Undergrad: 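Submitted below is the structure of interest, expressed as C-alpha cells.
Owing to the predicted nature of the structure, the values given are computational and were not obtained by experimental measurement. In what follows, chains are A, B, ... by sequence order, proteins preceding strands, each numbered from 1.
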Amino acid sequence: MTTRHHLDPALVAIVAVGGAVGSAVRYGVSHALPPQHGLPVGTLVENLLGAFLLGALLESLLRAGPEDDRRRKLRLGLGTGVLGGFTTYSALALEVQRLWAGGDVPLAVGYGLGTVVLGFVTATLGIVVGARLGARRERTDGGAE
Amino acid sequence: MILLLVSVLGGLGAATRFVVDGWIRGRTSGGLPVATMAINITGSLLIGFLAGALATGALEPNAYVVAATGFCGGYTTFSTASMETVRLAQEGAYRRALVAGLGTLVLTVLAAAAGVGLATALL
C-alpha cells in the first residue's frame with residue numbers, strides 16, 4: 001500500500017504536535033524514574049507502556065472500521081506522534097552500549113533482550129485489549145446506524 | 001526551558017520520522033519493516049555521536065539533553081518497532097519477526113557504539 005500522507009503538511013503537523021507531547025511526558029517520566037542498580041527503569045517503563053498503548057490504539061482503530069479522516073488523524077496524532085515520541089529506541093541502544101562498554105555484559109544483554117521480549121508481550125496484550133474495545137464500539141456504531 | 005526545548009525537538013524528530021518512514025515505504029516492498037529499522041539505526045548512530053561529543057567536551061550537557069532526549073528520542077520509536085514485530089508473528093512470519101526484533105536491537109547497539117567511536121575519533 002502506497003500512501004502519500006507523509007507529504008501532507010497538516011498530517012505532518014499533527015505528528016509533530018503529538019511527538020512534542022509524547023517527548024515531554026517521556027522527559028518527565030525519565031526524571032521521576034531514575035536508573036535502579038544500573039537498570040534504566042525510566043526508559044523500560046516508557047517503552048513497555050508505549051508498546052501496550054500503541055497495540056491497544058491501532059487494534060481498536062482497525063476493528064472500528066475502514067480508516068476515515070478522523071481515524072487517520074487519531075492514528076497519526078496519538079500513535080505515530082504521542083506514542084512514537086513517548087517511546088525511544090535510541091536511548092535503549094545507547095544504554096545497552098554503555099552497560100556493555102562499562103563491563104556489565106549480563107545486565108546489558110538482559111536489559112536489551114528483556115525490553116524487546118517484554119515489548120512484544122505488552123504490544124500483544126495491547127492488541128487483545130484493543131480488539132475488545134474496538135469490537136464494543138463496532139456494536140455500538142452498528143446499533144446506532 | 002530544557003523541557004520546552006526537548007518537547008519542540010521531540011516534535012521535530014517525530015515529524016522527521018513520519019516523513020522518512022513514508023519516503024522509505026514508497027521505495028521498498030514487503031518482507032521486513034525496513035523503514036522503522038532504518039530510522040532506529042540512524043537515530044542510534046546519532047545519539048552515540050552526541051554522547052561521544054558530550055564525553056569529549058565538544059557538546060554542552062544541556063545541548064546534549066535537548067538533542068539526544070528531544071530529537072533522537074522523538075525520531076526513534078520502540079512502540080512501532082514492537083507492533084511491527086508482533087504483526088509479522090501474527091502472519092506466521094516467525095523468522096522475519098525474529099530478524100526484525102533481534103536484528104534491530106543488535107544493529108542499533110552497534111550503531112550507537114559506532115557513533116561514540118566516530119565522535120571520539122573526530123572531535
Undergrad: Which heavy atom of A/A51 sits nearest a heavy atom of A/G119, and at what distance?
TA: CB-O, 3.8 Å
Undergrad: Any sub-3.5 Å donor-acceptor pair from B/R17's side-chain atoms to B/L12's backbone N or O?
TA: no
Undergrad: Looking at B/T76 and B/N40, would you say the former's side chain and the latter's main chain have a donor-acceptor pair under 3.5 Å?
TA: no
Undergrad: A/G85, A/A91, A/A123, A/G84: which one forms the most heavy-atom pairs within less than 4.5 Å of chain B?
TA: A/G84
Undergrad: Using side-chain contact (heavy atoms from CB on, under 4.5 Å), reason through A/V15 and A/V12 one step at a time and then give a plain yes or no.
TA: CA-CA 5 Å; A/V15 171; A/V12 174; 5.8 Å; no
Undergrad: Taking 4.5 Å as the heavy-atom cut-off, does anything in residues 100-108 of chain A contact chain B, and if so which residues?
TA: none
Undergrad: Which answer fits B/V65, side chain, backbone, both or neither, if we ask what part of it has an atom under 4.5 Å from a heavy atom of chain A?
TA: side chain
Undergrad: Do A/Y111 and A/V116 belong together in a cluster built from hydrophobic side chains that touch within less than 4.5 Å?
TA: yes
Undergrad: What part of A/T115 gets closer than 4.5 Å to chain B, counting heavy atoms only: side chain, backbone, both or neither?
TA: both
Undergrad: For each of A/L7, A/T124, A/I127, tally heavy-atom pairs with chain B at distances under 4.5 Å, and name the one with the top tally.
TA: A/I127
Undergrad: A/V129 and A/R132: side-chain contact (heavy atoms from CB on, under 4.5 Å), yes or no, with the steps?
TA: CA-CA 5 Å; A/V129 170; A/R132 290 188 170 202; 5.8 Å; no
Undergrad: Tell me the residues of residues 20-39 of chain A whose non-hydrogen atoms fall below 4.5 Å from those of chain B, in number order.
TA: A/A20, A/V21, A/S23, A/A24, A/R26, A/Y27
Undergrad: For the SG atom of B/C72 and the CG atom of B/L9, what is their distance to the nearest 0.5 Å?
TA: 9.5 Å
Undergrad: Examine distances only and state if a side-chain atom of B/R27 and a backbone atom of B/W23 form a donor-acceptor pair shorter than 3.5 Å.
TA: yes
Undergrad: Hydrophobic cluster membership, with links at side-chain heavy-atom distances under 4.5 Å among I/L/V/M/F/W/Y: are A/L58 and A/F52 in one?
TA: yes
Undergrad: Taking A/G50, A/G79, A/G112 one by one, which has the highest count of heavy-atom pairs under 4.5 Å against chain B?
TA: A/G112
Undergrad: Please examine the side chains of B/T120 and B/V116, heavy atoms only from C-beta on, and report whether any two atoms are closer than 4.5 Å.
TA: yes
Undergrad: For side-chain contact (heavy atoms from CB on, under 4.5 Å), just list the numbers for A/T43 and A/E95, CA-CA rounded to whole Å, side-chain angles, deciding distance to a tenth of an Å, and then say yes or no.
TA: CA-CA 9 Å; A/T43 310; A/E95 286 156 357; 2.8 Å; yes
Undergrad: Is any NZ, NE, NH1 or NH2 atom of the basic residue among B/R25 and B/D21 found under 4.0 Å from an Asp or Glu carboxylate oxygen of the other?
TA: yes
Undergrad: Side chain, backbone, both or neither: which part of B/V20 has an atom under 4.5 Å from a heavy atom of chain A?
TA: neither
Undergrad: Can you tell me if B/Q90 has over 12 outside heavy atoms packed within less than 6.0 Å of its CD?
TA: yes
Undergrad: Under 4.5 Å between side-chain heavy atoms, counting indirect links through other Ile/Leu/Val/Met/Phe/Trp/Tyr residues: same cluster for B/V8 and B/F18 or not?
TA: no
Undergrad: Give the intermediate values and the outcome of side-chain contact (heavy atoms from CB on, under 4.5 Å) for residues B/I47 and B/Y75.
TA: CA-CA 11 Å; B/I47 204 172; B/Y75 175 64; over 6 Å; no
Undergrad: Of all of B/A112, B/G74, B/G73, which one pairs up most often with chain A through heavy atoms under 4.5 Å apart?
TA: B/G73
Undergrad: Measure the spacing between NE2 of A/H5 and OG1 of A/T80 and express it to the nearest 0.5 Å.
TA: 11.0 Å
Undergrad: Let me know if A/V17 has heavy atoms under 4.5 Å from chain B in its side chain, its backbone, both or neither.
TA: neither
Undergrad: Donor-acceptor check, side chain of B/T56 to backbone of B/A53, threshold 3.5 angstrom: yes or no?
TA: yes
Undergrad: Only pairs of heavy atoms separated by less than 4.5 Å count here; which of A/L54, A/L11, A/L83 has the most with chain B?
TA: A/L54
Undergrad: Counting only non-hydrogen atoms closer than 4.5 Å, does B/T42 touch chain A with its backbone (N, CA, C, O), its side chain (CB onward), both, or neither?
TA: neither
Undergrad: Can you tell me which of B/T108, B/I39, B/L4, B/L107 forms the most heavy-atom pairs within a distance under 4.5 Å of chain A?
TA: B/T108
Undergrad: Where along residues 77-88 of chain B does a heavy atom come under 4.5 Å of chain A, listed by residue number?
TA: B/T77, B/F78, B/S79, B/T80, B/A81, B/S82, B/M83, B/T85, B/V86, B/R87
Undergrad: Who are the side-chain hydrogen bond (donor to acceptor under 3.5 Å, both in side chains) partners of A/D69, not counting sequence neighbours?
TA: A/K73
Undergrad: Side chain, backbone, both or neither: which part of A/L94 has a heavy atom under 4.5 Å from chain B?
TA: both
Undergrad: Given heavy-atom pairs under 4.5 angstrom as the criterion, report whether the side chain, backbone, both or neither of A/L53 touches chain B.
TA: neither
Undergrad: Given that the side chain runs from C-beta out, which part of B/A89 has a heavy atom under 4.5 Å from chain A: side chain, backbone, both or neither?
TA: side chain
Undergrad: Go through the atoms of A/L49 and report whether side chain, backbone, both or neither lie under 4.5 Å from a heavy atom of chain B.
TA: neither
Undergrad: Indicate, with yes or no, if B/L110 and A/V109 share a hydrophobic cluster defined by side-chain heavy-atom contacts under 4.5 Å among Ile, Leu, Val, Met, Phe, Trp and Tyr.
TA: no
Undergrad: Out of curiosity, B/I41 CD1 to B/L46 CG, how far, rounded to the nearest 0.5 Å?
TA: 14.0 Å
